[in-house]
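Chain naming here is simple, since letters A, B, ... match the order of the sequence lines and numbering starts at 1 in each.
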2 protein chains.
Amino acid sequence: MDKTGFDHLPLEWVRAFEAAARLGSFTAAAQETSLTQSAISQRIGHLEARLGTQLFVRQARRITLTADGEAWLPHVQAALVGLRDSTEALFGVSRNRLTISASGSINELWLVPRLEQLAEVSGAQITLSTMVVASGDTKDDAAVRIRYGSGDWPVAYAVPLYEERLSPVVAPALLGRGAWQTLPRLSVSGPRPSWRRWCAQTDTSTTPVSHLRFDSFCAGLAAARAGQGVLLASLPLVQAELDAGRLVRVADEVLRHHETYWLLGAKERLSRRQWRQLSGCLVDGTA
Amino acid sequence: MDKTGFDHLPLEWVRAFEAAARLGSFTAAAQETSLTQSAISQRIGHLEARLGTQLFVRQARRITLTADGEAWLPHVQAALVGLRDSTEALFGVSRNRLTISASGSINELWLVPRLEQLAEVSGAQITLSTMVVASGDTKDDAAVRIRYGSGDWPVAYAVPLYEERLSPVVAPALLGRGAWQTLPRLSVSGPRPSWRRWCAQTDTSTTPVSHLRFDSFCAGLAAARAGQGVLLASLPLVQAELDAGRLVRVADEVLRHHETYWLLGAKERLSRRQWRQLSGCLVDGTA
DNA sequence: GCGTAGGCATAAATTCAAATTATCCTTTTT
DNA sequence: AAAAAGGATAATTTGAATTTATGCCTACGC
């Protein structure tokens with residue numbers, strides 16, 4: 001037998017076998033792999049056909065390894081572990097540092113609350129990198145970025161984080177102080193629609209009221225929390241504040257906006273699976 | 001770090017790396033893998049992007065492993081070897097027995113002459129299984145079969161072996177014995193066009209001449225070789241005889257036929273790569 | 001005993017990653 | 001110089017693998 005070449009047994013099938021064997025369930029293996037139960041079932045079906053043996057006994061509501069499967073598993077695991085460990089050691093890739101670059105507000109209001117779940121799901125060590133607003137799009141080394149825009153991103157992986165919906169909110173303490181329209185208006189510089197748009201769309205009287213301007217959503221939010229006025233807030237971002245009762249909405253109307261934050265992934269640095277895990281965890285309505 | 005899961009580094013890329021590293025050339029790796037140079041180049045490009053390092057130094061007309069590549073290679077090989085060996089030991093799959101089922105004539109006239117190359121290319125231990133004509137299509141365990149027909153096969157892998165072209169041939173010794181049309185006609189029972197068709201198509205006089213009938217092409221061929229008459233032979237099958245001068249053609253006309261032998265592969269038992277190697281070796285005009 | 005839920009298999013349809021094709025570029029050889 | 005060898009790259013095509021949508025079976029609850 002010549003020593004050249006390793007025969008072509010699709011290794012993704014082997015991976016599916018390992019996961020199913022270890023977890024004792026196709027469904028569980030599917031979850032771990034970010035695939036569907038159907039995919040696992042088929043992979044293993046193919047594997048068995050190619051190998052010419054049953055690897056699993058399909059019992060009701062559970063599967064068991066056959067003798068063949070039992071015999072094969074340790075070797076498969078050894079190979080997979082060896083590969084994973086050496087790769088990790090040399091390149092620090094496998095389940096290692098994942099840097100997410102985003103604005104301070106997104107970091108604080110969107111990522112931090114989801115950090116725990118994210119770390120758990122991805123198994124990675126997460127680093128949040130605050131984007132420097134002034135520096136534009138300096139090439140950072142983050143594999144994942146969050147940017148505001150309308151979606152024409154030149155990257156392969158891109159998904160809107162949430163649907164931008166704006167509505168006025170105030171600290172509960174201010175509720176008794178007469179009509180909210182008369183309160184000082186807090187606004188945040190940036191790309192989001194302004195009070196001007198709000199008034200135009202909802203026929204709110206444009207009575208001149210005092211304004212306070214902030215350069216970050218977080219700052220404006222802090223002011224609102226402190227009872228300094230009414231903030232035209234991004235509802236998804238302040239959901240936690242609303243839930244906690246630190247802020248309350250004062251109008252039913254909602255101002256929508258076509259621009260929003262996008263989750264952007266560097267395709268060459270992320271596997272399909274990693275991307276799915278990330279977006280599943282971070283995108284509104286997916287998790 | 002949880003012990004669950006092996007991160008998703010596409011293992012086919014790793015295989016490409018191993019082959020290229022071992023062979024010292026992308027082109028050579030492509031050949032071994034039955035892929036194109038382009039495919040190998042891309043796989044390794046992706047791998048490097050994902051890993052975040054160069055694995056090879058691209059020099060003119062050759063490649064060299066970088067330090068990273070050098071360090072990684074042994075681990076990769078260990079994993080791949082472990083997997084291959086255990087799989088082979090348990091299931092005897094990898095580069096093992098390959099049974100080809102065909103008629104006696106095809107075995108003798110088509111497969112045997114190509115056996116050596118086939119064994120070398122596929123790295124498999126080949127078994128030729130003579131199909132029993134009488135038994136119809138009994139399910140044999142051969143992963144590869146050769147059958148006569150017009151191509152409507154219910155298998156995924158199917159390719160015509162050659163284009164059927166018939167023409168009269170005789171042993172050289174008979175050439176002096178007057179017009180070949182007056183020689184006894186040898187014919188083979190079976191699906192191929194008969195002398196009748198030949199005469200109709202070429203306006204050969206249908207002068208009644210003596211006939212000898214055989215139940216296999218091989219038998220008829222032997223008779224022709226022995227100078228017992230003129231055989232309406234399948235040219236691709238007797239090419240070797242013609243080349244060796246044991247038979248000669250007596251007419252320029254060629255009778256074509258839409259039916260021919262097909263190479264059929266059981267998709268679930270053959271990898272794409274194996275199939276390509278086989279068909280590349282066995283199909284006329286490919287090798 | 002039935003009904004329901006959990007888990008795998010299967011068919012059909014879709015998706016998208018990966019392969020091929022076709023050039024281009026660079027370097028070595030004659 | 002011209003040709004050959006080997007690799008990179010862009011564009012296109014292909015087809016394998018995934019998903020979606022069911023179906024089926026069995027254990028378990030009531």
Side-chain angles (χ1 to χ4, degrees), chain A residues 8-17 19-21 23-50 54-66 69 155-158 265 267-268 270-276 280 286, chain B residues 8-17 19-21 23-50 54-66 156-158 265 267-268 270-276 280 286:
Chain A
H8 196 87
L9 209 186
L11 293 176
E12 303 306 326
W13 299 358
V14 179
R15 245 207 272 258
F17 163 73
L23 299 170
S25 150
F26 288 10
T27 305
Q31 286 187 305
E32 179 180 285
T33 329
S34 303
L35 290 177
T36 57
Q37 171 268 320
S38 184
I40 301 293
S41 174
Q42 291 180 59
R43 281 186 175 190
I44 290 176
H46 289 145
L47 193 55
E48 291 177 326
R50 183 69 59 80
Q54 292 282 106
L55 259 12
F56 291 100
V57 181
R58 276 78 164 175
Q59 294 159 315
R61 312 191 51 160
R62 76 167 162 187
I63 53 174
T64 324
L65 282 171
T66 61
V155 283
Y157 289 143
K267 180 147 193 184
E268 68 281 6
L270 252 26
S271 73
R272 189 181 168 75
R273 173 190 170 200
Q274 290 173 313
W275 174 249
R276 286 202 206 181
T286 322
Chain B
H8 196 85
L9 209 188
L11 294 176
E12 303 306 327
W13 300 356
V14 179
R15 246 206 273 255
F17 163 73
L23 300 170
S25 149
F26 287 9
T27 304
Q31 286 187 306
E32 179 181 285
T33 329
S34 302
L35 290 177
T36 57
Q37 172 267 323
S38 183
I40 300 292
S41 174
Q42 291 181 58
R43 281 186 174 190
I44 288 175
H46 289 146
L47 193 55
E48 291 177 325
R50 183 69 59 78
Q54 292 282 107
L55 258 15
F56 291 100
V57 181
R58 274 77 164 177
Q59 295 159 316
R61 312 193 49 162
R62 75 167 162 185
I63 53 174
T64 324
L65 281 172
T66 61
Y157 290 142
K267 179 149 195 184
E268 69 282 4
L270 251 27
S271 74
R272 188 180 169 75
R273 174 191 170 199
Q274 290 172 313
W275 173 249
R276 286 203 206 181
T286 320

**Q** Calculate the interatomic distance between Arg62(B) atom CZ and dT29(C) atom P; express it in whole Å.
**A** 11 Å
**Q** Can you measure Leu270(B) atom CG to dA16(D) atom P for me and round it to whole angstrom units?
**A** 13 Å
**Q** Using the side-chain hydrogen bond (donor to acceptor under 3.5 Å, both in side chains) criterion, which residues pair with Thr64(B)? Sequence neighbours excluded.
**A** Gln59(B)
**Q** Identify, with sequence neighbours excluded, every residue that meets side-chain contact (heavy atoms from CB on, under 4.5 Å) alongside Ala20(B).
**A** Phe26(B), Ala29(B), Ile44(B), Phe56(B)
**Q** Take nucleotides 18-30 of chain D nucleotide by nucleotide from the 5' end and write B, S or -, depending on whether a protein heavy atom sits under 4.0 Å from the base, only from the sugar-phosphate, or from neither.
**A** BBB-----SS---
**Q** Answer whether the closest heavy-atom distance between the side chains of Pro10(A) and Arg50(A) falls below 4.5 Å.
**A** yes
**Q** Please enumerate all residues that pass side-chain hydrogen bond (donor to acceptor under 3.5 Å, both in side chains) together with Ser38(B), with sequence neighbours excluded.
**A** Gln42(B)
**Q** Looking at residues at least two apart in the chain, or sitting in another chain, which of them share a salt bridge (Lys or Arg N to Asp or Glu O under 4.0 Å) with Arg58(B)?
**A** Glu48(B)
**Q** Starting at atom CZ of Arg50(A), determine the distance to atom C1' of dA16(D), rounded to an integer number of angstrom.
**A** 12 Å
**Q** Once you round it to whole Å, what is the distance between C1' of dG6(D) and CD of Gln31(B)?
**A** 12 Å
**Q** Using only side-chain N and O atoms of Arg58(B), determine if any of them is under 4.0 Å from OP1 or OP2 of dG6(D).
**A** no
**Q** Distance check needed: dA19(C) C1' versus Phe26(B) CZ, whole Å only.
**A** 16 Å
**Q** With sequence neighbours excluded, tell me which residues meet side-chain hydrogen bond (donor to acceptor under 3.5 Å, both in side chains) with Gln37(A).
**A** none
**Q** Using whole Å, report how far CD of Glu48(A) lies from C1' of dC8(C).
**A** 12 Å
**Q** Roughly, in whole Å, what's the span from CD1 in Ile44(B) to P in dA18(C)?
**A** 14 Å
**Q** Is Thr27(B) near enough to dG7(D) that one of its side-chain N or O atoms lies under 4.0 angstrom from OP1 or OP2?
**A** yes
